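Residue numbers start from 1 in every chain, and the chains themselves are labelled A, B, ... in the order their sequence lines are given, proteins ahead of strands. What you see is a predicted model, and the numbers here were worked out from it, not measured in a lab. Values below: all heavy atoms of this structure, side chains included; hydrogens, waters and symmetry mates excluded.
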Protein chains: 2
Amino acid sequence: MDKASRSPAMTDVARLAGVSHQTVSRVLNDHPNVKEQTRIRVRAAIAELGYRPNRAARALVTGRSQLIGVVARNSTLYGPASMLTEFEQAAADAGFAVSVGSVRELDRSSISAVVDRHLDQRVAGLVVIANVASAAEALAEIPGDVPVVFIDGDPASGRPLVTVDQVAGARAATRHLLDAGHETVWHVSGPTDWFDSAGRIQGWKQTLLEAGAEVPPLLSADWSAAEGYRTGQMLARMPEVTAIFTANDHLALGILRALHERGRRVPHDVSIVGFDDVPEAAYFIPPLTTVRQAFGDVARAALSLLLGQMRDDSGTAHQIVVPPQLIVRESVSRPA
Amino acid sequence: MDKASRSPAMTDVARLAGVSHQTVSRVLNDHPNVKEQTRIRVRAAIAELGYRPNRAARALVTGRSQLIGVVARNSTLYGPASMLTEFEQAAADAGFAVSVGSVRELDRSSISAVVDRHLDQRVAGLVVIANVASAAEALAEIPGDVPVVFIDGDPASGRPLVTVDQVAGARAATRHLLDAGHETVWHVSGPTDWFDSAGRIQGWKQTLLEAGAEVPPLLSADWSAAEGYRTGQMLARMPEVTAIFTANDHLALGILRALHERGRRVPHDVSIVGFDDVPEAAYFIPPLTTVRQAFGDVARAALSLLLGQMRDDSGTAHQIVVPPQLIVRESVSRPA
DNA sequence: AGCAGAAATGTTATCGATAACATCCGCTTT
DNA sequence: AAAGCGGATGTTATCGATAACATTTCTGCT
């Protein structure tokens, strides 16, 4: 009826239900000491007025909001972007809003600025998507009393953290190529300051060593198809290269093109395994064998760690590692 | 010195500067009637204490926060994901935090839930990334007194809105193929309920009609490489198809593979133009001619419209259209 | 010098919730 | 029956800012 008027406050509900505003507050917060009958009366009044609590007021008095702050690098890379949307979804399902603080670089001052902005908003918790080593500095910027969970990042920090087991993924990929009969496997890595890159390099190297295979020189690139292409032009000229494991699917795409231009067929002459399983990987030429990361699982795990910290302070700094999965398609065969 | 204590409030600053808290408030909000000398004194006190205003308190009294709510579909598609990060960046640069409300589908009830969550947080404004027709329903869910800007969406609504000129992009793509000498151009569109799709279809059809070319049947797909591949399998069997314009780059990728499998060479036998210019498009086989959208420009335009609405209510419902750009690479040549 | 009017500053009320404490009531316990 | 206790509820203070109004201090002008 009276849509134009100010949205109802707690006192309006109280008046309608014939109780004090504090009792309304108790009902809202599921306080035990409220008679069932009044609880029902209050609930009815809330529904009738379409009352919704004012988060700002609550945040002011409790010093904490229903908002989770995320610190992430501004990126449209498949991995980071997926991570972000999955987390938003998980948080939304749990009734939290997500405030995203994008930074161009994960350096100390950028992180500091974003964290400050989040603390201004009195976020209930922080999630740092710390995919590069420099992000460890973020630790220093975050006061001890606000719940924090890292996604990716350095397990050695001892902080609550969720990661995909990059080492295991790289092992599976490398193993797969060795099992196909290749003498060794070349690796084109991502930027070496990324934890993801480091883990994948480690898994690759370990597997070769354990198999007694020679370890070729490491080739590093950024994550782009462009650098994959440049690296691929070099690899295409080396007949001894028959198996390549790339740190992501886009690198593989660039290499695929370079090989194609040189007339080296995949998988007949060269086998390739990627990482990420981007949706279009199945439609590369040829369809790419790759490693899939369960971003949704990571997001949900991170959220539950965060909620755990928000509930009790007993916060045993749990760390969760999510296993990746090898997706076999057609870019691998035994060597000629 | 006293790091452990509660973070300083306005009164603390006032005491240190020897003024009233209201004067501090005036300095903070750049109120004109403050003597330069006191302004300096207050600023110094702020710096000394490391004071940062409490947004929750401000939001409570003003009824509005420094938070911009975004309603978007949960998606890792290149376009939507880019749009989102670009907007976050623009907002951050302007001192706003961004609360992202992802929804699985842009239907009425999902939108309603997300909008309510945002209003609970007393967002200063809302941005709706309304890439499908059903999002128009969002209009009904948003009260008139909160600033809103649509990104994509129906210009006919009369609401403030920023879009990329999809029609112009499609015209450029189609024109480019016709100019190369092709008799007509086939089009594989995105889902027809997307505004982007509709605009691209329209631009394609118009251009063909104006050129007196025959209009082939429209092929629609989702945005995935998978459907591109399926559609491509069909097109590859039709020798009369020599030119294809796809609604995005991933569709083009799938088609590229299907053509490759059938032995039809690109661009020798078939020419292709995509849309989006995803970073890896230059590394498809062959490098893809495509249409680039300036998401950053769109984001900044949307933000400035929003800020305009927040300042004055004179809100002439401006609409901004950003032109796209044809990126010529190697997937087009004259027909055999 | 005196006074209006503007500029600079201070005081008090207010936003809408939770926290802390006070009160009331009914029931058990001795 | 008085004391004691805990459950249910109400009262008042509080968070930290802005709004509205009140007051003081400068100006410039007659």
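- Between C:dA8 and B:Thr38, no contact under 4.0 Å exists linking OP1 or OP2 to a side-chain N or O.
- Atom-to-atom, CZ of A:Arg64 to C1' of D:dC15 comes out at 14 Å; the value is rounded to the nearest Å.
- Between A:Asn29 and C:dT18, a side-chain N or O to OP1/OP2 separation shorter than 4.0 Å is present.
- Summarising the geometry of B:Val148 relative to B:Gln309, their closest heavy-atom pair is O-NE2, 2.7 Å, with the distance given to 0.1 Å.
- A close approach under 4.0 Å does occur between a side-chain nitrogen or oxygen of A:Thr23 and OP1 or OP2 of D:dG10.
- Here the shortest heavy-atom pairing between B:Ala124 and B:Phe96 reads CB-CE2, 4.3 Å.
- With DNA chain C read from its 5' end, the first of the two nearest nucleotides for B:Leu60 and B:Glu36 is the one closest to B:Glu36.
- For the pair A:Asp152 and A:Leu161, the tightest heavy-atom approach, listed with the atom from each and the gap, is O-CD1, 3.5 Å.
- Both A:His21 and B:Ala56 lie near DNA chain D, and the one whose nearest nucleotide falls closer to the 5' end is A:His21.
- Not one side-chain nitrogen or oxygen of B:Asn54 sits closer than 4.0 Å to the OP1 or OP2 atom of D:dG16.
- Minimum interatomic distance between B:Ala130 and B:Phe150 (heavy atoms only, all atoms of both residues): CB-CD2, 3.8 Å.
- As a whole-Å value, the separation of B:Arg41 CZ from C:dG10 P is 9 Å.
- The separation between B:Asn33 atom CG and C:dG10 atom C1' is 14 Å, rounded to whole Å.
- Nucleotide C:dA17 holds its P atom 11 Å from the CZ atom of A:Arg55, rounded to whole Å.
- Rounding to whole angstrom units, CZ of residue A:Arg122 and P of D:dC15 are separated by 13 Å.
- Following rounding to the nearest Å, B:Gln22 (CD) and C:dA13 (P) show an atom-to-atom distance of 14 Å.
- At whole-Å resolution of the value, CZ in B:Arg26 and P in C:dA8 are 11 Å apart.
- When the options B:Arg52, B:Gln66, B:Arg58 are evaluated for a side chain to side chain donor-acceptor pair (under 3.5 Å) with A:Asp120, the one that passes is B:Arg52.
- Rounded to whole Å, atom P of C:dT18 lies 12 Å from atom CG of A:Asp30.
- For D:dT9, the OP1/OP2 oxygens have no side-chain nitrogen or oxygen of A:Ser20 closer than 4.0 Å.
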